[in-house]
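In the text below, chain A, chain B and the rest are named by the order of the sequence lines, each starting its count at 1.
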2 protein chains.
Amino acid sequence: MEPGDSTKQARAAAQLRKGVLEYCVLALMRDRPRYGVELLQALEASGALATSQGTVYPLLSRLRRDDLVTTTWQESASGPPRRYYALTDSGRAALEEFTRIWPGFRDAVDAFLTTPPPTTGDLA
Amino acid sequence: MEPGDSTKQARAAAQLRKGVLEYCVLALMRDRPRYGVELLQALEASGALATSQGTVYPLLSRLRRDDLVTTTWQESASGPPRRYYALTDSGRAALEEFTRIWPGFRDAVDAFLTTPPPTTGDLA
DNA sequence: CCTGGTTCCATGCGATGCAAGATACCTGGT
DNA sequence: ACCAGGTATCTTGCATCGCATGGAACCAGG
């Protein structure tokens with residue numbers, strides 16, 4: 001997918017990411033702190049959720065503003081220092097809450113997309 | 001869920017609907033034309049995608065503006081006339097396109113939420 | 001006439017992803 | 001010492017979308 005791609009598919013995928021990206025980023029911090037570029041690479045590797053710095057850094061700022069993550073600076077062996085993001089208790093709670101409501105949402109969309117069984121044709 | 005509910009769960013669900021609602025509405029028109037209130041009731045019945053008129057009617061206006069649906073007025077036995085929305089060829093193509101990219105997106109989110117195996121710990 | 005149910009629509013706000021650009025640190029070659 | 005390239009962070013302005021709120025029109029019954 002080249003940059004500047006304005007196909008319908010690209011636009012649909014962009015809208016799909018809304019609201020989900022936040023929780024996928026939180027999920028990435030579940031096991032250990034991560035820094036910005038690391039998160040970016042993990043999303044890129046997933047394929048469907050690949051995004052850009054212009055999306056991730058404002059998102060990380062919001063997470064910090066809302067006390068869902070805390071950050072610590074850490075030196076890097078090769079490059080400028082990195083800001084590591086770690087989940088707070090609130091962040092972990094938000095992630096668990098999303099994990100609870102996601103299956104219901106996912107299954108509802110699946111139900112709409114898979115042809116609902118009009119077994120009898122029309123019975124009305 | 002009362003109106004004016006500003007819990008985290010409600011906000012997360014609201015953001016989830018972005019971009020998905022459009023295609024679920026298109027999916028509802030796949031077998032036959034539907035009118036506004038009928039779509040609203042079908043979404044309400046799904047549970048996870050329940051929404052309001054203030055969401056559905058602007059959405060339908062966008063679909064019509066983008067030539068994804070056409071509309072025809074039809075008399076009702078009980079009440080004012082109804083505007084029925086039907087898929088155009090473009091609308092059907094958009095629905096099929098979304099149906100293609102949805103599984104990849106869904107599975108990617110599932111992968112993030114279910115603990116990814118950090119088998120090696122850190123190898124860097 | 002007037003109340004209630006049904007159906008349609010418009011306006012303004014808040015939240016979010018994105019492209020583009022800016023800044024700073026470190027390493028290596030000349 | 002100097003400069004180019006990669007790494008890493010962040011800001012700004014824009015477009016899109018869900019939603020609360022409110023309004024308008026039609027029909028039936030008292």
Side-chain angles (χ1 to χ4, degrees), chain A residues 1-8 10-25 34-41 43-44 48-66 68 71-85 105, chain B residues 1-8 10-25 34-41 43-44 48-66 71-85 105 124:
Chain A
M1 209 182 318
E2 293 93 45
D5 188 349
S6 296
T7 63
K8 290 178 207 160
R11 290 199 298 104
Q15 292 308 321
L16 267 182
R17 293 188 198 103
K18 293 211 174 192
V20 176
L21 210 52
E22 172 180 347
Y23 296 99
C24 288
V25 166
R34 308 268 193 165
Y35 67 99
V37 172
E38 188 181 8
L39 294 168
L40 213 46
Q41 291 169 345
L43 292 170
E44 181 77 26
L49 285 169
T51 184
S52 68
Q53 297 181 352
T55 296
V56 166
Y57 283 109
L59 167 60
L60 291 172
S61 291
R62 289 195 299 271
L63 294 178
R64 200 163 28 139
R65 183 198 61 193
D66 298 342
L68 299 181
T71 69
T72 54
W73 284 99
Q74 205 160 325
E75 297 293 328
S76 166
S78 59
R82 302 163 173 171
R83 190 201 284 273
Y84 277 83
Y85 296 80
F105 173 82
Chain B
M1 209 185 321
E2 291 95 44
D5 188 349
S6 296
T7 63
K8 289 179 206 159
R11 291 199 298 104
Q15 293 307 320
L16 266 183
R17 294 189 196 102
K18 292 212 174 188
V20 175
L21 210 50
E22 172 181 348
Y23 296 99
C24 288
V25 165
R34 308 268 192 164
Y35 66 100
V37 172
E38 189 182 6
L39 294 168
L40 213 46
Q41 291 169 347
L43 292 170
E44 181 76 27
L49 286 169
T51 183
S52 67
Q53 296 183 354
T55 295
V56 167
Y57 283 109
L59 167 59
L60 291 172
S61 292
R62 288 195 299 270
L63 294 178
R64 201 164 25 140
R65 183 198 61 193
D66 298 341
T71 68
T72 53
W73 284 99
Q74 205 161 326
E75 297 292 329
S76 165
S78 60
R82 300 164 174 173
R83 192 201 283 271
Y84 277 83
Y85 296 81
F105 173 81

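Taking CG from B/L60 and CD from B/E22, the interatomic distance works out to 10.5 Å, rounded to the nearest 0.5 Å.
With rounding to whole Å, B/K18 atom NZ is found 9 Å from D/dC19 atom P. Between the CG atom of B/L59 and the C1' atom of D/dC19 there is a distance of 12 Å, given to the nearest Å.
Applying the 4.0 Å criterion to OP1 and OP2 of C/dC26, one finds that A/S78 has every side-chain N and O outside that range. A close approach under 4.0 Å does not occur between any side-chain nitrogen or oxygen of A/S76 and OP1 or OP2 of C/dC26. In terms of phosphate contacts, A/T55 brings no side-chain nitrogen or oxygen within less than 4.0 Å of OP1 or OP2 of C/dA19. The phosphate of D/dA8 (OP1 or OP2) has a side-chain N or O of A/Y35 nearer than 4.0 angstrom. Between C/dT16 and A/R17, no contact under 4.0 Å exists linking OP1 or OP2 to a side-chain N or O.
Counting any heavy atom pair closer than 4.0 Å across all strands shown, A/G54 reaches a base atom. Counting any heavy atom pair closer than 4.0 Å across all strands shown, B/Q15 reaches sugar-phosphate atoms only and no base atom.
Between A/R83 and A/P80, the residue anchored nearer the 5' end of DNA chain D, judged by the nucleotide with its closest heavy atom, is A/P80.
Nearest heavy-atom pair across A/L16 and B/F105 is O-CZ, 3.3 Å.
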